[in-house]
Amino acid sequence: MAAQCVTKVELSVSCNNLLDKDVGSKSDPLCVLLMNTSGTQWFEVGRTEQVQNCLSPQFAKKFVIDYYFELVQKLKFGVYDIDNKTIDLSDDDFLGEIECTVGQIVSSKKLTRPLVLKNQKPAGKGTISITAEEIKDNRVVNFEVEARKLDNKDFFGKSDPYLEFYKQTDRGWQLAHRTEVIKNNLNPVWKPFKIPMRSLCNGDLEKPIKVECYDYDNDGSHDLIGIFETNLSKLQEASRTTPAEFECINMKKKQKKKHYKNSGVVSVKSCQVVKEYTFLDYIMGGCQINFTVGIDFTGSNGDPRSPESLHYISPQGFNEYLMAIWSVGLVIQDYDSDKMFPAFGFGAQIPPSWQVSHEFPLNFNPANPFCAGIQGVVDAYRVCLPQVKLYGPTNFSPIINHVAKFASEAAQQNSAAKAATQYFVLLIITDGVITDLDETRNAIVNASRLPMSVIIVGVGGADFSAMEFLDGDDGTLRSPTGQPAIRDIVQFVPFRKFQNAPKEALAQCVLAEVPQQVTTYFNMHNLRPPNDPTPAASS
């Protein structure tokens with residue numbers, strides 16, 4: 001199968017001497033990666049974390065991309081100073097970018113280029129460095145770590161500690177992971193975290209690992225508390241009853257103080273190596289992706305008989321709704337063995353009672369809402385359109401909850417079989433402003449615990465800021481009561497961005513996050529592919 005030939009590459013990014021755009025402090029940079037494999041359309045692959053008050057950041061979050069020798073894969077790394085909570089980067093200060101290809105990165109050990117502004121002039125003295133590593137090992141190391149009696153570095157209050165884990169390379173120490181910051185605590189307990197084994201030690205149990213403990217400061221001048229070196233072999237000796245313990249040593253303090261003992265102790269309660277399956281492991285191992293479509297029939301779309309309406313079908317047989325169904329459906333149908341797709345409408349008055357419905361089958365058959373193939377969904381939409389009255393309001397939660405009910409049943413089957421048998425993808429196509437935002441937030445937070453993802457394509461020219469809010473890329477989505485989503489399951493894309501792009505560009509963009517959402521869910525629940533293609537790596 002050709003899919004097995006795909007090589008995955010992990011890209012690590014760091015910058016030096018970035019432009020300083022903040023008054024009174026330093027820039028707060030983030031790096032975004034865009035890719036282009038055909039035409040002029042770029043799609044976003046991902047973003048690093050934001051590093052506060054730092055002009056020479058080393059980003060802990062890596063980019064993982066598929067490497068195809070036979071394709072020219074153009075990449076664009078853009079660096080931005082983030083000063084707000086919006087996902088849109090156009091309202092953030094631009095610190096420079098570079099364009100290169102995946103081939104250029106993999107053929108140089110480390111690619112360092114000067115950053116340029118949009119007018120191609122140098123972005124001050126700013127540079128960006130990218131290193132690539134092929135991913136051959138998909139084991140991860142799960143950690144549970146705490147510390148005690150850390151040195152207090154703060155005049156008011158206590159230290160705000162965090163840890164950084166470094167891998168030894170022939171180019172020096174490379175950052176592998178940065179933990180969360182625990183505020184005002186000399187005996188912190190960090191949330192469980194995982195580090196890919198290749199990032200930590202390239203699978204070598206004896207390779208040195210360096211851990212640095214810092215006191216976080218808002219102005220970026222983090223104070224070193226202490227350092228220790230170890231290896232995975234020693235870390236794996238940890239258990240709840242006998243943790244692996246390491247003294248944090250601060251060499252400056254040790255040289256000054258006669259009776260210096262340490263600057264605190266880091267205690268590793270658990271360190272377990274587990275195999276993490278890839279998207280292809282699940283797909284090739286028999287996991288089914290179930291695809292459902294939800295279509296917005298609210299009055300704001302305009303009268304379908306009028307050429308101004310978003311539901312108006314042109315003489316060529318198209319509108320934006322149909323184009324979105326075709327472009328996403330053609331890709332996803334390959335992963336569904338029976339090719340039978342439930343398709344629903346919402347926001348219309350439907351015959352015979354003309355009650356408003358927020359989840360009616362396009363074929364008007366509640367007992368069997370399935371359409372045969374993507375062509376069947378398209379045919380059902382065309383037949384349904386003249387039979388309903390466009391109305392309102394725009395409620396998403398009923399259709400999300402409808403799919404969640406099936407995903408919940410699948411979750412129980414998955415856990416009973418201890419295997420990843422099914423995953424659900426809901427495509428909602430809408431013209432805009434959502435009415436039941438609170439109920440929808442609740443529905444998404446609940447669904448984040450289930451094997452499902454939600455893709456929203458916005459058609460027309462409306463203000464889609466509420467949709468961007470649902471897409472958790474700029475932080476965790478919370479329900480109205482403050483409950484956080486366990487994972488980001490929503491991907492929102494405005495169709496207008498793709499009107500003049502090649503037909504595959506929209507699908508590429510909206511489906512980009514689905515493989516990771518699938519693997520995150522199944523790995524989080526320790527579910528293996530139904531027909532496990534490879535034996536699990538030993539702990």
Asker: How would you list, by chain and number, every residue that makes a ring pair (Phe, Tyr, Trp, His ring centres under 6.0 Å) with Phe492, sequence neighbours excluded?
Answerer: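 In terms of ring pair (Phe, Tyr, Trp, His ring centres under 6.0 Å), with neighbours along the sequence ignored, Phe492 is linked to Phe464.
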Asker: Quick check on the 6.0 Å ring-centre criterion: do Tyr381 and His311 meet it?
Answerer: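 Ring centres of His311 and Tyr381 closer than 6.0 Å.
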Asker: Can you name the salt bridge (charged side-chain N to carboxylate O under 4.0 Å, His left out) partners of Arg305, sequence neighbours left out?
Answerer: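 Here the qualifying residues are Asp303.
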Asker: Judged by atom type as modelled, is there a donor-acceptor pair below 3.5 Å linking the side chain of Asn442 to the main-chain atoms of Glu439?
Answerer: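 A pair under 3.5 Å: no.
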Asker: Are the side chain of Lys61 and the backbone of Arg47 linked by a donor-acceptor contact shorter than 3.5 Å?
Answerer: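 A pair under 3.5 Å: yes.
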Asker: The criterion is salt bridge (charged side-chain N to carboxylate O under 4.0 Å, His left out); which residues satisfy it with Lys74, sequence neighbours excluded?
Answerer: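 Scan of Lys74 (salt bridge (charged side-chain N to carboxylate O under 4.0 Å, His left out), adjacent residues dropped) gives none.
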Asker: Do any pairs count as a side-chain hydrogen bond (donor to acceptor under 3.5 Å, both in side chains) and have a residue in residues 363-377, sequence neighbours left out, and if so which ones?
Answerer: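 Matches after skipping sequence neighbours: Gln375-Asp379.
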Asker: Looking just at side-chain N and O atoms, do Thr421 and Asn414 make a donor-acceptor pair shorter than 3.5 Å?
Answerer: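 There is such a pair between these side chains.
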Asker: Does the separation of the ring centres of Phe193 and Phe165 fall below 6.0 angstrom?
Answerer: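 Centroid separation for Phe193 and Phe165: below 6.0 Å.
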Asker: Closer than 4.0 angstrom, basic N to acidic O: yes or no for Arg198 and Glu133?
Answerer: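 The answer is no: the pair does not qualify as a salt bridge.
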Asker: Evaluate the side-chain proximity of Thr278 to Ile135: yes if any heavy-atom separation is below 4.5 Å, no if none is.
Answerer: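 Sidechains of Thr278 and Ile135: no contact.
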Asker: The criterion is ring pair (Phe, Tyr, Trp, His ring centres under 6.0 Å); which residues satisfy it with Phe495, sequence neighbours excluded?
Answerer: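 Ring pair (Phe, Tyr, Trp, His ring centres under 6.0 Å) list for Phe495, sorted by chain: empty.
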Asker: Can you pull the salt bridge (charged side-chain N to carboxylate O under 4.0 Å, His left out) pairs that have at least one residue in residues 338-362, sequence neighbours excluded?
Answerer: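 Sorted result for residues 338-362: empty, none.
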Asker: Applying salt bridge (charged side-chain N to carboxylate O under 4.0 Å, His left out), can you list everything that pairs with Lys183, at least two apart in sequence or on another chain?
Answerer: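 None.
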Asker: With sequence neighbours excluded, what pairs up with Phe291 under the ring pair (Phe, Tyr, Trp, His ring centres under 6.0 Å) test?
Answerer: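 With sequence neighbours excluded, Phe291 shows a ring pair (Phe, Tyr, Trp, His ring centres under 6.0 Å) to Phe341, given in chain and number order.
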Asker: Tyr423: what forms a side-chain hydrogen bond (donor to acceptor under 3.5 Å, both in side chains) with it, not counting sequence neighbours?
Answerer: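 Scan of Tyr423 (side-chain hydrogen bond (donor to acceptor under 3.5 Å, both in side chains), adjacent residues dropped) gives Ser453, Arg487.
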Asker: For residues 427-461, pull every pair meeting ring-ring contact (aromatic ring centres under 6.0 Å, His included), keeping only residues two or more places apart or in separate chains.
Answerer: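 Pairs touching residues 427-461 that pass the test: none.
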Asker: Tell me yes or no: between the side chains of Asp93 and Ser27, is some donor less than 3.5 Å from an acceptor?
Answerer: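 No, no side-chain donor-acceptor contact under 3.5 Å.
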Asker: For Asp436, enumerate each residue passing the salt bridge (charged side-chain N to carboxylate O under 4.0 Å, His left out) test, keeping only those at least two apart in sequence or located in another chain.
Answerer: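 Asp436 satisfies salt bridge (charged side-chain N to carboxylate O under 4.0 Å, His left out) with no residue once adjacent residues are dropped.
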Asker: Residues in ring pair (Phe, Tyr, Trp, His ring centres under 6.0 Å) with Phe396, at least two apart?
Answerer: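 With sequence neighbours excluded, Phe396 shows a ring pair (Phe, Tyr, Trp, His ring centres under 6.0 Å) to Phe346, given in chain and number order.
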